Undergrad: 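There's a structure below that I have some questions on.
These numbers come from a predicted model, not from an experiment.
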Amino acid sequence: MALSEFWEGQAEAWVRWARAPGHDSYWLFHRDRFLELLPPPGRLTLDVGCGEGRLSRDLKELGHTVLAVDRSPTMVRHAREADPELEVREGDAALLPVDDGAADLVVSFMSLMNTDDLEAAVREAARVLEPGGRYCVAIVHSLNTAGAFVSGEPEAAFVIEGSYFEHTQRLIPVERDGFEMTFLDEHRPLEDYFRALEAAGLLVERLREIPDLSRDERALRWRRIPLFLHLRAVAP
C-alpha cells in the first residue's frame, strides 16, 4: 500500500483526531520534547509532511518563518484554512518545491516514516539545507513498530514476531474518546533511517528516545519501551 495514498484517504479522520485538544500524543508529551531539539528561528524553516499544520502553526508562533509542505491535497486545504497567512504548498518530500540551500532548518515531525521513498526524502532535506543547517526528525521508534505488547497490563511482555529486520506494514484501527482513526505502521529498522542520513551526508548530533510520559495509567507499559525517536542532524 502506498503510504501517500493511505494518508490522503485518512485525512479527514486525522484532522478530527489531531485537532481534539489534549487527545493526541502531540499535545500530551510529544511536541515539547521535540521543540527542545530545534535551533532558534532563522531564515527559513521547512516543515515537510506538515499534515493539517499544527506544528507549522506552533513554529510560526515561536517566530519561525515557515514554509509547510504536504503531499495530501486534503491536508494542505485544512492547513490553509486553519491559518490563511501560513504559506502551505502541495509537494512530495522526495521532490521538494524549494531551491538548493534555501532553508536553515528542515523539520520532519512524524512524517518521515510515512514517506514512500525514504532515501529520496532525506536526500531532498539535505539538498535544501544551507551549510550548518539542521534537520530535525521525529518518527515512531522502530522497536515500537517491530512488535507489540501481549496485553494492556503494565508488566505485559513485548513480543516481536518474525524478524525485526523485515519491512512490514500493519493497519491499526483505534477508537478512543469518541474518535476513530486507522493508523498504518510502516516498519523499517533503525539502520534504514541512519543509512539514509549517512548517504545524504548529514551528521547526527542529538538523539532522544521518547517513552510515554503522560499520567495515563493505561499506558504504563509504554514507559518501558520507547514510543518515538527524535533526532537532530547537521549539514556540513
Side-chain angles (χ1 to χ4, degrees), residues 1-7 25-26 29-31 33-39 45-51 55 69-72 91-96 98 103-129 131-148 158 160-172 183-212 222 225-236:
M1 180 183 299
L3 294 164
S4 57
E5 294 177 5
F6 172 83
W7 281 103
S25 60
Y26 180 82
F29 56 85
H30 197 12
R31 173 191 61 180
R33 294 290 301 276
F34 183 73
L35 292 175
E36 291 173 2
L37 284 180
L38 305 189
T45 296
L46 185 62
D47 184 6
V48 181
C50 67
L55 179 63
V69 179
D70 202 279
R71 186 170 179 174
S72 163
D92 193 328
L95 190 63
L96 293 171
V98 180
D104 49 11
L105 174 60
V106 176
V107 170
S108 176
F109 182 82
M110 298 300 288
S111 62
L112 190 60
M113 73 279 182
N114 293 321
T115 301
D116 290 300
D117 192 336
L118 171 64
E119 293 79 8
V122 176
R123 187 168 60 246
E124 277 290 275
R127 177 186 67 79
V128 303
L129 277 174
R134 263 62 180 188
Y135 183 37
C136 294
V137 175
I139 58 171
V140 177
H141 199 291
S142 294
L143 183 57
N144 178 344
T145 56
F158 185 85
I160 297 175
E161 296 182 354
S163 171
Y164 166 85
F165 296 101
E166 182 181 356
H167 288 208
T168 58
Q169 288 186 341
R170 179 175 55 179
L171 286 170
I172 304 177
F183 293 89
L184 177 62
D185 272 357
E186 173 85 4
H187 173 68
R188 296 178 171 110
L190 283 177
E191 184 176 349
D192 284 16
Y193 294 99
F194 286 87
R195 278 186 177 272
L197 292 163
E198 177 185 344
L202 295 167
L203 305 176
V204 176
E205 58 181 6
R206 291 190 187 180
L207 185 148
R208 303 288 185 268
E209 294 177 296
I210 312 297
D212 188 334
W222 283 110
I225 300 290
L227 278 166
F228 308 111
L229 182 139
H230 296 173
L231 66 86
R232 187 172 89 186
V234 59

Undergrad: Which heavy atom of Ala200 sits nearest to which heavy atom of Ala126, and what is that distance?
TA: O-CB, 3.7 Å
Undergrad: Ignoring hydrogens, what is the shortest heavy-atom contact between Ala233 and Leu202? Give both atom names and the distance.
TA: CB-CB, 4.1 Å
Undergrad: Determine whether Val106 and Leu96 make a side-chain contact, defined as any pair of heavy atoms from C-beta on separated by less than 4.5 Å.
TA: no
Undergrad: Looking only at the aromatic ring of each residue, does the gap between the centers of Phe228 and Phe34 stay below 6.0 angstrom?
TA: no
Undergrad: Does some side-chain heavy atom of Leu190 sit less than 4.5 Å from a side-chain heavy atom of His141?
TA: yes
Undergrad: Decide yes or no for Val137 and Leu197: does some side-chain heavy atom of the first lie under 4.5 Å from some side-chain heavy atom of the second?
TA: no
Undergrad: Quick check for you: to the nearest 0.5 Å, what is the distance between Ile210 atom CD1 and Ile139 atom CD1?
TA: 11.5 Å
Undergrad: Could you report the tightest heavy-atom contact between Glu124 and Ala93, atom names first, then the distance?
TA: CB-O, 3.4 Å
Undergrad: Mind listing the closest non-hydrogen atom pair of Ala138 and Met113 along with its distance?
TA: O-SD, 4.4 Å
Undergrad: How far apart are the closest heavy atoms of Asp117 and Ala94, and which atoms are they?
TA: CB-CB, 4.4 Å
Undergrad: Taking the side chain as every heavy atom from C-beta outward, state whether Arg170 and Thr168 have any atom pair closer than 4.5 Å.
TA: no
Undergrad: For Ser111 and Val48, indicate whether the former's side chain and the latter's backbone hold a donor-acceptor pair under 3.5 Å.
TA: yes
Undergrad: About how many Å separate CG of Leu95 and CZ of Arg127, when rounded to the nearest 0.5 Å?
TA: 7.5 Å
Undergrad: Are Gln169 and Leu3 close enough, and set up right, to give a side-chain contact (heavy atoms from CB on, under 4.5 Å), and what steps lead you there?
TA: CA-CA 10 Å; Gln169 288 186 341; Leu3 294 164; 4.1 Å; yes
Undergrad: Verify the distance criterion only: is there a donor paired with an acceptor across the side chains of Asp116 and Ser4 at less than 3.5 Å?
TA: yes
Undergrad: So, do Phe6 and Asn114 sit near enough that their side-chain heavy atoms are less than 4.5 Å apart?
TA: no
Undergrad: Return the CZ to CG distance between Arg188 and Leu118, rounded to the nearest 0.5 Å.
TA: 5.0 Å
Undergrad: Check each of Val69, Asp70, Leu55 against Cys50 using the side chain to side chain contact (heavy atoms under 4.5 Å, CB included) test, and report the only one that passes.
TA: Asp70
Undergrad: With a cut-off of 6.0 Å (strictly less than), are more than 12 heavy atoms of other residues, nucleotides or ligands near CD of Glu5?
TA: no
Undergrad: Would you call Arg195 and Glu198 a salt bridge, using N to O less than 4.0 angstrom?
TA: no
Undergrad: To the nearest 0.5 Å, what is the distance between CZ (Arg134) and CG (Leu231)?
TA: 13.0 Å
Undergrad: For the OH atom of Tyr135 and the CG atom of Leu105, what is their distance to the nearest 0.5 Å?
TA: 11.0 Å
Undergrad: Say whether, by atom type as modelled, one donor and one acceptor occur between the side chain of Arg232 and the main chain of Arg206 under 3.5 angstrom.
TA: no
Undergrad: At what distance, to the nearest 0.5 angstrom, does CG of Leu227 lie from CZ of Phe29?
TA: 5.0 Å
Undergrad: Contact between Glu186 and Thr145 at the side-chain level, heavy atoms closer than 4.5 Å - yes or no?
TA: no
Undergrad: What are the two closest heavy atoms between His187 and Ser142, and how far apart are they?
TA: CE1-O, 3.2 Å
Undergrad: Using side-chain heavy atoms (C-beta onward) and a distance below 4.5 Å, is Leu229 in contact with Leu143?
TA: no
Undergrad: Is there side-chain contact between His30 and Phe109, with at least one heavy-atom pair below 4.5 Å?
TA: yes
Undergrad: Check this for me: Phe165, atom CZ, are more than 12 non-hydrogen atoms of other residues, nucleotides or ligands nearer than 6.0 Å?
TA: no
Undergrad: Checking Thr115 now: which residues fulfil side-chain hydrogen bond (donor to acceptor under 3.5 Å, both in side chains) with it, not counting sequence neighbours?
TA: none
